Amino acid sequence: MRSESQDWRERRRSAADSMRKETHQGNGVMVPRTTKTLVGGREGGREGSGKNPFAGPYGLLSTVAILYEEINEICTGHIQTAAAAERENPQVAERGILNLSRFLSSKMSGWDRVRSARSRLGGRTGRQSSSRTVHLGHVQPQNPAHRTIYCNDRDANLITGFKGNSVSTTKFNVLTFLPKGLFEQFRRVANLYFLFISILSTTPISPVHPITNVVPLSLVLFVSLVKEAFEDWKRLLNDRVINGTPIDVLHDQKWENIPWKKLQVGDIVRVKQDGFFPADLVFLASTNPDGVCYIETANLDGETNLKIRKALERTWDYLLPDKAAEFKGEIQCEQPNNSLYTFTGNLIIQKQTLPLSPNQILLRGCSLRNTEYIVGAVVFTGHETKVMMNAMSVPSKRSTLERKLDKLILALFGVLFLMCFIGAIGSGVFINRKYYYLGLGEGVESQFNPNNRIVVAILTMFTLITLYSTIIPISLYVSIEMIKFIQSTQFINKDLHMYHIESDTPALARTSNLNEELGQVEYIFSDKTGTLTRNLMEFFKCSIAGEVYGTGITEIERGSAQRNGPKIDQVKGSAAAVHEKGFNFDDARLMHGAWRNERDPETCKEFFRCLAICHTVLPEGDESPEKITYQAASPDEAALVTAAKKFGFFFYRRTPTVIMVRESHIEKMGKIQDVSYEILNVLEFNSTRKRQSVVCRYPNGRIVLYCKGADTVIYERLMEGNHNMKKATREHLGQFGSSGLRTLCLAYRDLSSEFYGSWNEKFIQAKSSLRDREKKLDVVAELIEKDLILIGCTAIEDKLQDGVPSCIETLSRAGIKIWVLTGDKLETAINIAYACSLINNDMKQFIISSETDEIREVESRGDPVEIARIMRDLVKQELKRCLEEAQCYLHSLSAPKLALVIDGKCLMYALDPSLRVTLLNLCLNCSSVVCCRVSPLQKAQVTSLVKKGARKITLSIGDGANDVSMIQAAHVGVGISGLEGMQAVMASDFAIAQFRFLTDLLLVHGRWSYLRICKVVTYFFYKNLTFTLTQFWFTFQTGFSGQRFYDDWYQSLYNVIFTALPVIILGLFDKDVSASLSKKYPGLYKEGIRNSFFKWKVVAVWAFFSFYQSLVLYNFTVAASSNSLNSSGKMIGLWDVSTMAFTCVVVTVNLRLLMACNSITRWHHISISGSILAWFIFIFIYSGVMTPYDRQENIFFVIFVLMSTFYFYLCLLLVPIVALLGDFVYLGIQRWFFPYDYQIVQEIHRNDPEVSSRAELTEIGSQLTPDEERSYAISQLPRETSKHTGFAFDSPGYESFFALQAGVLTPQKAWDVARRASMRTQQPRTPQN
């Protein structure tokens, strides 16, 4: 039985744990009137029944007594401190009392649980002692759903234990470098295998010295760890710079300069102009009027457009340090997350709750622009900031060839096991005491004991594993990594053919793991806007009140004419045509106030005002139409505001609450007036809403909602009536879409003051919500965005990039199938496909669309269940019909190419698991696929469908944030460094500036890389198998005893010195045909798609000749030595023969590499001759010196003895020739009778003059103008690295700065003036004559 004291201790521990775990839910702590009531009063005595675990002399009484003593001791100290401080500093005293209240809150948090436990267990709740309630403090426990931050109060935040602001991006530290680094290396099967072999070689059963396996493994690990350490050291230096950056923090009513790493949550900081925000801040006050500031988010998303942020009006006064010191607000906000564009929180200040939105958040890494300084409160620090939570690396991708390489390694393991098994069986059979000269007596060791043949076989198995360990190429992975790294940094990044002069952007390989994957791509998934098109938006046409305006002809209309037959001649612009950036409009009816003479001028006026008011554009520069520039979140918005300016509604100034528009020709022709529109609410655009609305108040008090968005969402919200205009506008939308123009519908609604007031209350409530704020805002927006009056629609042209049609045609000839995934309308997508040669009239087109009369009729009923059922059935029927028809076409003799066009609604049902296989089969039979009206998620789903379902190599290319999921889902992701920011580039594996550069990236670099890596892998396999098989043949002559044929150092250095460099040169410089011929004959790329150079058939051919050569190398050298004598008349011994055989192996495998090369450069000669020479230098030194601590005495003077015999020269000359004779015959027959495609092209252009790569580059360079040459030189200069987020980014703004440092002449740029002024560089003085 347990003692009573043990029960007491357990009950005491249980009660204490309960108090620690429970949290108090009120605003304060209930403090009893007298402690006596709790400790010795009636309530404590009356509860002492046996059923209550807290009763008795050792129950609740003892627990409370201990708690009371602890609280009493701490409280006395706090009260004495507060009393002493009150006389000198009342604020310090108040802080002491507050600390006391927080302590009591934490200590007394378990009282409610104790009371509830007593009541449940039979306590008399009706006779509780009377007590008065004292509310102490305001510290609440942290809710898991959100965090509470006390501004300007470090002590209060200390209890919660927020993370510090120090940032570390390193992978290792001093303690973890070796263990973690070694763990990373030994995750590779080959390294783990050699570790096992190295350990095995230290045992007595090993025939080789441990150094044989330890040296190669150590060298490989050393190189890999040095590389890791160097990269991590650079990260550490960058972290130190980041963490040491100074920032102003409020302390004792003054700004104190401290490093970033000492910043804490709740601190009040001051950030000056052009400075970077050190953490995620809540924006409190600014030197600009109306509490606004301008920020640049280039470090987050690459966008250089300025964004506006506005502080809450309640906090505008907290700008100066003495005033900011009075700020004692409380922030309740969401927990840290990686969403850059959302924030949910409330600011509680003086019992007033104010909602916080992304407009009040300044994210770490952004910089302050056009503002003297701002004051903010820290909410997230260090690794909890949004930018650091987004700082995850691109998902690790392994190439298909690398995965097949793993299978080859496993095959080598199988060969190794077979060889060892044969040797082990042979050893068990051979061992016998009849071979008396072997001395196999009774006392022989277990490995050679004939009485236990099974043990002999098992031990021999392990012996042979160490002996044949060289069959696995340990240096293969290091060599491939080195080759890929040089290929990406020196060849891809510096290719002039992929350098874009206009944007000064070279190609960028962001990873070197996927170089060869570029040579096997079969499917390309492409975005349209900014990828196939330029993303330079121009206002081209419009429809107002059912009337079309604009007479231009787009490129897509010409493509449509090609599709339908008639040719459109080039139309010259009229005299009224106006063209500037963002505006290419030709129609005199709307220009210079002529719209006043139109049929419905009031609607025209509403149209122009909607363009001028409904946006989030920021004006910059002088307030004149000629000099002003617009900073917009997208080129579309800038184009619309520019159009309003050209039509006479000039938006020139913005504050957080007012938009200023200079309107012309309103009351009468020529009259200009400035009008201020008060912005009441902004309902922002997102991918779900697909619309943007602004509620504004006119100077005369009129309240209007202006809305613009996609036609589908606007038409759903129009009021009844006006059917003629709706029908006409819908027809115009179809015409614009057919012309390839991007359309938006414009509408408005007049609001009464009463309706707006009641709606605004709901809007404020939704905006103040901490949970599901976005959903609630969408619900509230639906209440006001209805009963709209249609104004018209806009049509914006986005022209195709240069060279897109020819690029797509070339890639199609290369066997690559291109799919376009876009959010545009069906007609726009089809015409874009025609314009860029993706679809032509010779193709059979399958169109699966939701825009049918049957589906419209079902949708008009509004039953979502019926709509889903009908849609699913229709999509299923269409897919089956199209698939059957496609298979009929494919079985016909003259089958046309097939193309599929499907919209997003149908695709949603087609991606259902029950229809996915049918969709995939149909798509794989089509040469081109166009998916329109698709979401970012659907893009990724389609990519994954082909990647996983068809197991084909896929490539995704895009330029915007909506393409990131698609880019990461594909085998290879390519980002276009365009105008939609850098999100796509940061998520990609390769970055290029134009779609047309895919031709060089895939057909040249991708194909070369694939061909080279295949040769490197198969050659590694060949040379290691050849070397190991010679040792294997020797085993048959040694009774399978495991006797080594080669010296330990021969075996150690074979892979790392004597055969290492030539294979790297092969992987870097081998070139079957030139870059121009690769693009001239795109069909050559199909060899990569078919994986012609890394099939098991190719590996088997290499293995066969490796087998043949090993027999020749071993048997010829052994047979030739049988009658050979050295200069002293003695017979040639074992180590003489093995040295001779090793010499022949080194010479043979190096010469075989020459036979595998398509092009031979001086680097090939240097590497091969250097490797052979390195062997001879080594053996001369090694055999000339002997030390007593190794087995070197076997090799002493061997080479000198060998070179004095005729046997040496005979073998050195004849053995490699005989060994390579079979390869020579095979390669000749193969080239003559079974040539590869590239060999045919080689024969066609055999007599063409050879152009070296250097001459080719010179020729390319000579075609550039001086400005282009200088621009390219600038592009090769070092790029700026962010010292504030840890991200590396290319900033064109620093071109002239870096050029100046490097001595490259470049024009002066305004944005570099400040940076150059801060660098006190001394210019070299010109000597005076």
Side-chain angles (χ1 to χ4, degrees), residues 498 518 521-535 556 559 740 742 798-824 826 828-839 899-904 907 923 926-936 938-947 952-980 983-985 987-1003 1006:
M498 294 192 293
L518 292 171
V521 173
E522 189 170 357
Y523 286 88
I524 292 178
F525 302 94
S526 174
D527 179 39
K528 181 187 80 69
T529 305
T531 304
L532 298 176
T533 59
R534 300 179 186 177
N535 203 18
I556 312 304
R742 297 162 62 91
D798 186 12
K799 293 185 177 181
L800 285 175
Q801 292 181 8
D802 294 335
V804 167
S806 60
C807 173
I808 289 179
E809 183 182 1
T810 301
L811 294 176
S812 299
R813 289 167 54 201
I816 300 174
K817 300 176 179 64
I818 301 174
W819 297 14
V820 174
L821 312 178
T822 177
D824 286 330
L826 183 72
T828 306
I830 292 176
N831 288 321
I832 282 285
Y834 265 94
C836 59
S837 302
L838 196 62
I839 298 177
L900 171 66
V901 181
I902 185 170
D903 68 4
L907 185 62
C923 291
C926 296
S927 300
S928 301
V929 176
V930 177
C931 301
C932 56
R933 293 290 194 186
V934 292
S935 65
Q938 287 178 320
K939 291 182 179 182
Q941 289 174 334
V942 171
T943 305
S944 299
L945 178 67
V946 177
K947 176 183 176 181
K952 303 291 185 180
I953 308 298
T954 58
L955 180 148
S956 292
I957 179 170
D959 72 319
N962 59 334
D963 303 317
V964 169
S965 56
M966 175 180 72
I967 287 173
Q968 293 183 342
H971 289 92
V972 182
V974 178
I976 298 285
S977 49
L979 300 179
E980 290 192 14
Q983 299 99 318
V985 170
S988 67
D989 306 301
F990 300 88
I992 54 179
Q994 296 279 289
F995 182 88
R996 68 177 184 271
F997 294 157
L998 271 183
T999 304
D1000 287 275
L1001 186 65
L1002 299 183
L1003 303 190

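In this chain, residues are counted from 1 in sequence order. All values below were derived from every heavy atom in this structure, side-chain atoms included, with hydrogens, water molecules and symmetry-related copies excluded. Just so it is clear, the model here is predicted, and its values are computed rather than measured.
Side-chain contact between I818 and L811: present, with at least one pair of heavy atoms (C-beta onward) separated by less than 4.5 Å. Side-chain contact check for Q801 versus R996: every heavy-atom pair is 4.5 Å or farther apart. Inter-residue side-chain proximity for D963 and K939 is flagged as met; some heavy-atom pair is nearer than 4.5 Å. Side-chain contact between V942 and V934 is absent, with no heavy atoms from C-beta onward closer than 4.5 Å. Inter-residue side-chain proximity for K528 and T533 is flagged as met; some heavy-atom pair is nearer than 4.5 Å. A 4.5 Å side-chain heavy-atom check between F995 and C836 finds every atom pair outside the cut-off. Annotation: side chain of D527 is in contact with side chain of D959 (closest heavy-atom distance under 4.5 Å). Using a 4.5 Å heavy-atom threshold, the side chains of V930 and I902 count as separate.
Here the closest non-hydrogen pair linking M966 and I957 is CE-O, 3.6 Å. Here the shortest heavy-atom pairing between V521 and L1002 reads CG2-CD2, 4.3 Å. Between I967 and V974 the shortest heavy-atom distance is CD1-O, 3.8 Å. Of all heavy-atom pairs spanning A993 and I976, the tightest one is O-CG2, 3.7 Å. Taking each heavy atom of C926 and L900 in turn, the nearest pair found is SG-CB, 3.9 Å. The minimum heavy-atom distance between C807 and T999, with the atom names listed, is SG-OG1, 3.3 Å.
Here S928 pairs with nothing under the side-chain hydrogen bond (donor to acceptor under 3.5 Å, both in side chains) rule; sequence neighbours left out.
For the pairing with L518, the side-chain contact (heavy atoms from CB on, under 4.5 Å) check across L1003, I953, L955 returns one residue only, L955.
Distance alone, capped at 3.5 Å, places no donor-acceptor pair between the S944 side chain and the Q941 backbone. Using a distance-only test at 3.5 Å, with no hydrogens or angles considered, no donor-acceptor pair links the side chain of D903 to the main chain of C932. A donor-acceptor pair under 3.5 Å is absent between the side-chain atoms of S526 and the main chain of V820, judged by distance alone. Judged by distance alone, with hydrogens and angles left aside, the side-chain atoms of S965 form no donor-acceptor pair with the main-chain N or O of A940 at under 3.5 Å.
With values rounded to the nearest 0.5 angstrom, I992 atom CD1 is found 6.0 Å from L1001 atom CG. Rounding to the nearest 0.5 angstrom, the gap separating the CG atom in D989 from the CD atom in Q968 is 9.0 Å. Summarising the geometry, atom OG1 belonging to T943 is positioned 12.0 Å from atom CD1 belonging to I524; distances are rounded to the nearest 0.5 Å.
For residues 803-823, the pairs satisfying salt bridge (Lys or Arg N to Asp or Glu O under 4.0 Å) are E522-K817, with sequence neighbours left out.
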Test side-chain contact (heavy atoms from CB on, under 4.5 Å) applied to I816 and Y523, step by step:
CA-CA 6 Å; I816 300 174; Y523 286 88; over 6 Å; no

Does the side-chain contact (heavy atoms from CB on, under 4.5 Å) test come out yes or no for W819 and C923, once each step is laid out?
CA-CA 10 Å; W819 297 14; C923 291; 3.2 Å; yes

